[in-house]
Amino acid sequence: KESKTLHHLKVSRDLLEVYMKHLGKTVKRDYTTKRMVFLTALSAYSQNPQNLFIKGPSSTGKTYNVTQALRYFPQSYVLMLGGLSPTALVHDYGTLIDNESGEEIDPIEDKPKREDYKDDKGKFDKNAYEAAQKRWRDRLRRAYYLVSLQGKILVFLEAPHPETYMRLRPVLSHDAPQISYKFTDKHGGGALRTMHVVLKGWPACIFCTTETKYIEDLATRGFTVTPDLSQEKIRAAIELMGEMKAYPWKFDLKHDQEFKELQEYMDVLAGRLCITNKVVIPYSHELSKIYHSNLYRDMRDYHHFTALIELNCLLNIYQRPYIIINKNPHWMANIHDYLTALELLKSFEETTRAGIPGHIVTFYHKIIVPFKRPTNYEELVEKHNEAMPEKMSKKRVYKYVELLRDIGWVDT
């Protein structure tokens with residue numbers, strides 16, 4: 001029987017704000033970042049999982065935003081990853097599959113055991129055991145490791161191993177729903193052996209570390225956001241830490257009934273979206289005619305923008321009409337879904353299109369643009385240190401200018 005609270009959440013008119021209000025207890029300000037982390041995680045249950053790149057200086061709350069926003073989602077679907085190597089990817093998340101039957105192989109339980117092979121007199125049957133061992137080795141040779149990423153939320157706390165990234169790249173780019181590859185591995189101190197691996201499904205991915213160059217080529221395949229860097233955010237965060245130390249029981253999730261109800265709704269929603277998650281945007285044709293079309297990436301960005309509309313619709317499917325096409329329900333996005341996506345897009349469109357962190361965009365607009373004439377690094381450092389609370393060295397200004405030059409905003 002459905003609880004009253006679950007029913008109340010189903011009929012709420014703006015569930016994103018319901019979740020954000022609760023999340024605001026532990027994440028102050030960061031309007032855009034926490035919403036985008038939440039919607040990116042939700043996209044794992046959609047037909048078009050998204051990639052999110054959180055860029056910004058250290059200690060600005062990138063990882064904290066992610067860990068707090070993901071608490072509402074089923075934790076069995078959340079994979080917190082560090083510098084993941086190819087072998088760790090297989091051994092930690094892979095399942096050994098029989099190539100012929102498609103059934104899972106248990107390397108320990110299914111392996112032939114000496115005690116199971118006896119002749120009519122109850123003695124050990126060496127020939128039968130050796131034949132079984134040969135069949136077992138042949139079975140393992142043909143088997144493959146399946147790493148199912150469908151419905152998963154991958155959080156890269158550190159940049160993955162370069163080789164792992166190259167294996168995952170076609171999946172993260174949505175090039176194909178299933179990727180197969182082979183590599184050699186030395187297992188248990190024995191001889192090298194070839195491992196066949198199949199990566200299946202498209203996950204939702206969140207990158208907390210984006211400094212590594214080889215990840216940059218994915219920037220056009222997702223959203224780029226920067227945590228709030230204002231002094232108001234710093235003040236609010238420090239006061240929150242003070243409150244947590246003074247009244248820790250107020251932040252104990254074990255006794256937070258609202259949190260349990262929000263988790264319950266997400267469990268129900270995730271199960272429903274695994275069954276049906278098709279969305280129709282009735283106004284998409286008209287929207288496409290007015291969306292900007294100046295850059296090649298605008299085609300991909302429009303796809304991401306409509307994905308945001310779809311995600312807000314999916315979050316609120318119990319408040320959305322649907323139509324049946326070929327016996328399949330299609331949820332219909334309304335104007336509220338569009339306005340929610342538009343408000344978010346306005347807050348990170350520049351960082352996403354440029355592919356650079358928000359603090360460097362701010363540096364460009366507040367420090368470089370006002371000069372309205374050619375300038376040098378010394379003048380930029382002086383102006384920045386006069387206008388901003390945090391002091392900056394000439395070396396860092398040089399790095400900022402290099403990034404801005406790479407995207408064509410300045411020249412040197």
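These values consider heavy atoms only, across backbone and side chains, with no hydrogens, waters or symmetry-generated copies.
Counting non-hydrogen atoms of neighbouring residues, nucleotides and ligands closer than 6.0 angstrom, the CD atom of Glu390 reaches no more than 12 such neighbours. Other residues, nucleotides and ligands contribute more than 12 heavy atoms inside 6.0 Å of the CD atom of Glu286. Under a cut-off of 6.0 angstrom, the local environment of OH in Tyr144 is crowded, with over 12 non-hydrogen atoms contributed by other residues, nucleotides or ligands. Around NZ of Lys254, the count of heavy atoms belonging to other residues, nucleotides or ligands within 6.0 Å does not exceed 12. Atom NE2 of His365 sits in a crowded spot, with more than 12 heavy atoms from other residues, nucleotides or ligands closer than 6.0 Å. Heavy-atom contacts from other residues, nucleotides or ligands closer than 6.0 Å to NZ of Lys399 number 12 or fewer. Residue Lys260 qualifies as enclosed at atom NZ: its count of foreign heavy atoms under 6.0 Å is above 12. Shown here is Tyr77, whose OH atom has no more than 12 heavy atoms of other residues, nucleotides or ligands within 6.0 Å.
Ser43 OG to Asn51 CG: the interatomic distance, rounded to the nearest 0.5 Å, is 8.0 Å. Note that CD of Glu350 and CD1 of Ile356 are 8.0 Å apart. Values are rounded to the nearest 0.5 Å. Between atom CG of residue Asn334 and atom CG of residue Asn312 there is a gap of 8.0 Å, rounded to the nearest 0.5 Å. The line from OG of Ser347 to OH of Tyr31 is 7.0 Å long, rounded to the nearest 0.5 Å. The OG1 atom of Thr412 sits 12.5 Å away from the CG atom of Asn376 when rounded to the nearest 0.5 Å. Note that CG of Leu39 is 10.0 Å distant from CG of Leu52, once rounded to the nearest 0.5 Å.
Not a single donor-acceptor pair under 3.5 Å links the side chain of Ser284 to the backbone N or O of Ile281. With hydrogens and angles disregarded, a donor-acceptor distance shorter than 3.5 Å links the side chain of Asn385 to the backbone of Met392. For Ser46 (side chain) and Asn48 (main-chain N/O), a donor-acceptor pair under 3.5 Å exists by modelled atom type. One N or O on the side chain of Gln75 and one on the backbone of Leu70 form a donor-acceptor pair closer than 3.5 Å. Without hydrogens or angle criteria, Asp337 side chain to Ala333 main chain gives no donor-acceptor distance under 3.5 Å. Listed for the Tyr181 side chain is no donor-acceptor partner under 3.5 Å among the backbone atoms of Leu199. A donor-acceptor pair is defined here as one N or O able to donate and one able to accept, closer than 3.5 Å; such a pair exists between the side chain of Thr306 and the backbone of His303. A side-chain donor-acceptor contact under 3.5 Å links Asp110 to the backbone of Asp106. Proximity of a side-chain donor or acceptor of Thr226 to a complementary backbone N or O of Gly358 within less than 3.5 Å is detected. Side-chain atoms of Lys113 come within 3.5 Å of backbone atoms of Glu109 as a donor-acceptor pair (strictly under, hydrogens ignored).
Among all heavy-atom pairs drawn from Thr26 and Arg71, the shortest one is OG1-NH2, 3.5 Å. Residues Leu344 and Phe348 share a closest heavy-atom pair of O-CD2, 2.9 Å. Considering all non-hydrogen atoms of both residues, Cys313 and Trp331 come closest at SG-CB, 4.0 Å. In plain terms, the two heavy atoms of Phe305 and Leu342 that are nearest each other are CE1-N, 3.8 Å. The minimum heavy-atom distance linking Tyr45 with Pro74 is given by the pair OH-CD, 3.4 Å. In terms of heavy-atom proximity, Pro49 sits nearest to His174 at O-CE1, 2.8 Å.
Within the cation-pi definition used here (under 6.0 Å to the ring centroid, within 45° of the axis), Lys250 qualifies as a partner of Tyr247.
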Apply the test salt bridge (charged side-chain N to carboxylate O under 4.0 Å, His left out) to residues Lys346 and Glu343: give CA-CA distance (whole Å), side-chain angles for both, the deciding distance (0.1 Å), then the verdict. CA-CA 5 Å; Lys346 289 192 295 185; Glu343 191 65 26; 3.5 Å; yes

Leu168 and Phe156: CA distance, side-chain angles, deciding distance, side chain to side chain contact (heavy atoms under 4.5 Å, CB included) verdict: CA-CA 12 Å; Leu168 287 172; Phe156 293 93; 4.0 Å; yes

Checking side chain to side chain contact (heavy atoms under 4.5 Å, CB included) for the pair Leu23/Gln68: CA distance, chi angles, key distance, verdict? CA-CA 7 Å; Leu23 184 56; Gln68 293 298 301; 3.8 Å; yes

Intermediate values then yes/no, side-chain hydrogen bond (donor to acceptor under 3.5 Å, both in side chains), His384 and Glu379: CA-CA 8 Å; His384 177 276; Glu379 288 182 319; over 6 Å; no

Between Ile153 and Phe73, is a side chain to side chain contact (heavy atoms under 4.5 Å, CB included) present by the stated rule, with each step listed? CA-CA 9 Å; Ile153 304 166; Phe73 295 86; 4.2 Å; yes

Apply salt bridge (charged side-chain N to carboxylate O under 4.0 Å, His left out) to residues Arg141 and Asp138 and explain how you reach the verdict. CA-CA 5 Å; Arg141 193 176 298 113; Asp138 290 340; 2.6 Å; yes

What do the steps show when you test Glu243 against Lys25 for salt bridge (charged side-chain N to carboxylate O under 4.0 Å, His left out), and what is the final call? CA-CA 11 Å; Glu243 189 176 2; Lys25 294 179 179 179; over 6 Å; no

I'd like to know whether Ile105 forms a side chain to side chain contact (heavy atoms under 4.5 Å, CB included) with Ile97, so could you lay out the CA-CA distance, the side-chain angles of the two residues, the decisive distance to 0.1 Å, and finally the verdict. CA-CA 6 Å; Ile105 298 175; Ile97 301 295; over 6 Å; no

Arg405 and Glu402: salt bridge (charged side-chain N to carboxylate O under 4.0 Å, His left out), yes or no, with the steps? CA-CA 5 Å; Arg405 187 178 68 178; Glu402 285 290 287; 3.0 Å; yes

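Each of Tyr283, Tyr338, Tyr302 was scored for a ring pair (Phe, Tyr, Trp, His ring centres under 6.0 Å) with Tyr291, with one residue passing: Tyr302. Asp228 pairs in a side-chain hydrogen bond (donor to acceptor under 3.5 Å, both in side chains) with only one of the listed residues (Lys28, Arg29, Lys34), which is Arg29. Among the candidates Lys62, Arg35, Lys233, the single residue satisfying the side-chain hydrogen bond (donor to acceptor under 3.5 Å, both in side chains) test with Asp30 is Lys233.
With 3.5 Å as the limit, one finds no donor-acceptor pair spanning the side chains of His336 and Asn316. Using modelled atom types and a 3.5 Å distance limit, the side chains of Glu261 and Tyr265 yield no donor-acceptor pair. Residues Thr40 and Gln50 bring no donor and acceptor atom of their side chains to less than 3.5 Å of each other.
For Tyr145 and His196, the ring centers are positioned 6.0 Å apart or more. The aromatic ring centroids of Tyr72 and Tyr19 lie less than 6.0 Å from each other.
By the 4.5 Å heavy-atom criterion applied to side chains, Cys208 and Val66 are counted as neighbours.
Using cut-offs of 30° and 60° on the angle between ring planes, the pair Phe259 and His22 is parallel. Between Phe363 and Tyr400, the angle of the ring planes goes over 60°, which puts this pair in the perpendicular group of the 30/60° scheme.
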